[in-house]
Colleague: 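The following block contains the structure, expressed as structure tokens.
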Amino acid sequence: MAKKEHISETPATQFLRKHGVAFSEHPYEYEEHGGTTVSARELGVDEHAVVKTLVMQDEAAKPLIVLMHGDCKVSTKNLARAIPCKSVEPCKPDVAQRHSGYMVGGTSPFGVRKAMPVYVEESVLQLDKIYINGGRRGFLVGIAPAVLVDVLKARPVHCALAD
């Protein structure tokens, strides 16, 4: 019988368990700069259902999290308009890591070091199931998208650009 690979706890899985969220664990072979293309291929799922966690900041350098389809980019103009602020830009990797407590490539919106507002691309919430980082490179968790709103209080926004 094949031994199920044991995934050690991450702050994200601890957070999900603490909040009673049902999730499935999906480890995969992480590739540097492979992004959601690699994780979708490795898990055999549509890249549109793989949700990336992006740490960004507004013009006052206040951090925020944006959850976006793996096969889309964020329109920072549309996002800034939606959350009303002047501008939004991605944080530098070391800054993102300081805010989230996660390594870039392993950033989860769950169990972050610093409380930040969370915004989710509206259409993500229409999917049946999403795959989102579980707090480590090469590890996604499968959850119902409603968890993002129910547990993270994520605010739906419309800022996707086709990649």
Colleague: Contact between Arg113 and Pro11 at the side-chain level, heavy atoms closer than 4.5 Å - yes or no?
Modeller: no
Colleague: Check whether any side-chain N or O of Arg137 sits under 3.5 Å from a backbone N or O of Val104 as a donor-acceptor pair, and report yes or no.
Modeller: yes
Colleague: Shortest non-hydrogen contact from Ser39 to Tyr28?
Modeller: CB-CZ, 3.4 Å
Colleague: Return yes when atom NE2 of His19 has more than 12 non-hydrogen atoms of other residues, nucleotides or ligands closer than 6.0 Å, and no otherwise.
Modeller: yes
Colleague: Closer than 3.5 angstrom, by distance alone: can the side chain of Lys52 be matched with the main-chain N or O of Cys72 as a donor-acceptor pair?
Modeller: yes
Colleague: Does the side chain of Val50 reach to within under 4.5 Å of the side chain of Val45, using non-hydrogen atoms?
Modeller: yes
Colleague: Are any of the side-chain heavy atoms of Gln57 and Val88 separated by less than 4.5 Å?
Modeller: no
Colleague: Do Val21 and Leu127 sit in one hydrophobic cluster, given that two such residues count as connected whenever their side-chain heavy atoms are within less than 4.5 Å of each other, even indirectly?
Modeller: yes
Colleague: Is Val151 reachable from Val149 through a run of I, L, V, M, F, W or Y residues, each pair having side-chain heavy atoms under 4.5 Å apart?
Modeller: yes
Colleague: Determine whether Glu47 and Thr37 satisfy the following criterion, side chain to side chain contact (heavy atoms under 4.5 Å, CB included), listing intermediate values before the conclusion.
Modeller: CA-CA 6 Å; Glu47 191 178 3; Thr37 308; 3.2 Å; yes
Colleague: May I ask you to check whether His26 and Phe139 place their ring centres under 6.0 Å from each other?
Modeller: no
Colleague: Can you see which heavy atom on Ala154 is nearest to which on Pro156, and at what distance?
Modeller: O-CD, 3.6 Å
Colleague: Any heavy-atom pair between the side chains of Met68 and Lys73 that's under 4.5 Å?
Modeller: no
Colleague: Under a 3.5 Å distance rule, please check whether Thr13 uses its side chain to pair with a backbone N or O of Glu9 as donor and acceptor.
Modeller: no
Colleague: Measure across Pro84 and Arg155 and return the closest heavy-atom pair with its distance rounded to 0.1 Å.
Modeller: CD-NH2, 4.5 Å
Colleague: Any sub-3.5 Å donor-acceptor pair from Tyr102's side-chain atoms to Ala12's backbone N or O?
Modeller: yes
Colleague: Between Lys114 and Ser100, is there a side-chain heavy-atom distance shorter than 4.5 Å?
Modeller: no
Colleague: Checking Asp94 side chain against Gln97 main chain: does a donor-acceptor pair fall under 3.5 Å?
Modeller: no
Colleague: Are Thr10 and Phe110 side-chain neighbours, meaning at least one heavy-atom pair lies under 4.5 Å?
Modeller: no
Colleague: When you look at CD of Glu29, are more than 12 heavy atoms from neighbouring residues, nucleotides or ligands closer to it than 6.0 Å?
Modeller: no
Colleague: Please answer: with hydrophobic residues joined when any side-chain heavy atoms are less than 4.5 Å apart, are Ile143 and Val124 in the same cluster?
Modeller: yes
Colleague: Do Val141 and Ile130 share a hydrophobic cluster, counting only Ile, Leu, Val, Met, Phe, Trp and Tyr and linking them when any side-chain heavy atoms are less than 4.5 Å apart?
Modeller: yes
Colleague: Say you draw a straight line from NE2 of His48 to OG1 of Thr36; how long is it, rounded to the nearest 0.5 Å?
Modeller: 11.5 Å
Colleague: Answer yes when Arg41 and Glu31 have at least one side-chain N-carboxylate O distance shorter than 4.0 Å, and no when they do not.
Modeller: yes
Colleague: Examine Phe23 and Leu152 and state if one hydrophobic cluster contains both, with Ile, Leu, Val, Met, Phe, Trp and Tyr joined whenever side-chain heavy atoms are less than 4.5 Å apart.
Modeller: yes
Colleague: Which heavy atom of Lys129 sits nearest a heavy atom of Tyr131, and at what distance?
Modeller: CD-OH, 3.7 Å
Colleague: Could you walk me through whether Ile132 and Leu148 satisfy the side chain to side chain contact (heavy atoms under 4.5 Å, CB included) test, starting with their C-alpha distance in whole Å, then the side-chain angles of each, then the deciding distance to 0.1 Å, before giving a yes or no?
Modeller: CA-CA 10 Å; Ile132 195 162; Leu148 303 174; 4.2 Å; yes
Colleague: Can you tell me how far apart CG (Leu79) and SG (Cys159) are? Round to the nearest 0.5 Å.
Modeller: 4.5 Å
Colleague: Using only heavy-atom distances, determine whether the side chains of His69 and Glu121 contain a donor-acceptor pair under 3.5 Å.
Modeller: no
Colleague: Should Tyr119 and Leu67 count as side-chain neighbours, where that means a heavy-atom distance under 4.5 Å?
Modeller: no
Colleague: Checking Val55 against Met116 for the side chain to side chain contact (heavy atoms under 4.5 Å, CB included) test, could you report, in this order, the C-alpha distance in whole Å, the side-chain angles of both residues, the deciding distance, and whether it holds?
Modeller: CA-CA 9 Å; Val55 181; Met116 296 177 263; 4.3 Å; yes
Colleague: Does a salt bridge link Glu25 with Arg136, judged by any charged N lying under 4.0 Å from a carboxylate O?
Modeller: no
Colleague: Side chains of Thr76 and Glu89: do they bring a donor and an acceptor to under 3.5 Å?
Modeller: no
Colleague: From the options Ile65, Val118, Thr107, select the one residue that forms a side chain to side chain contact (heavy atoms under 4.5 Å, CB included) with Val112.
Modeller: Ile65
Colleague: Just how far is it from atom CG of Asp58 to atom NZ of Lys86, taken to the nearest 0.5 Å?
Modeller: 9.5 Å
Colleague: Can you confirm whether Glu59 sits close enough to Cys85 that some side-chain heavy atom of one is under 4.5 Å from a side-chain heavy atom of the other?
Modeller: yes
Colleague: My understanding is that only residues two or more places apart in sequence, or in another chain, count here; which of them pass side chain to side chain donor-acceptor pair (under 3.5 Å) with Lys77?
Modeller: none
Colleague: For side chain to side chain contact (heavy atoms under 4.5 Å, CB included), just list the numbers for Val120 and Leu125, CA-CA rounded to whole Å, side-chain angles, deciding distance to a tenth of an Å, and then say yes or no.
Modeller: CA-CA 8 Å; Val120 58; Leu125 301 173; 4.0 Å; yes
Colleague: With a 3.5 Å distance limit and no angle check, can you tell me whether Asp46 reaches the backbone of Ala49 through a side-chain donor-acceptor pair?
Modeller: no
Colleague: Is it true that a side-chain atom of Ser108 and a backbone atom of Asn133 form a donor plus acceptor pair closer than 3.5 Å?
Modeller: yes
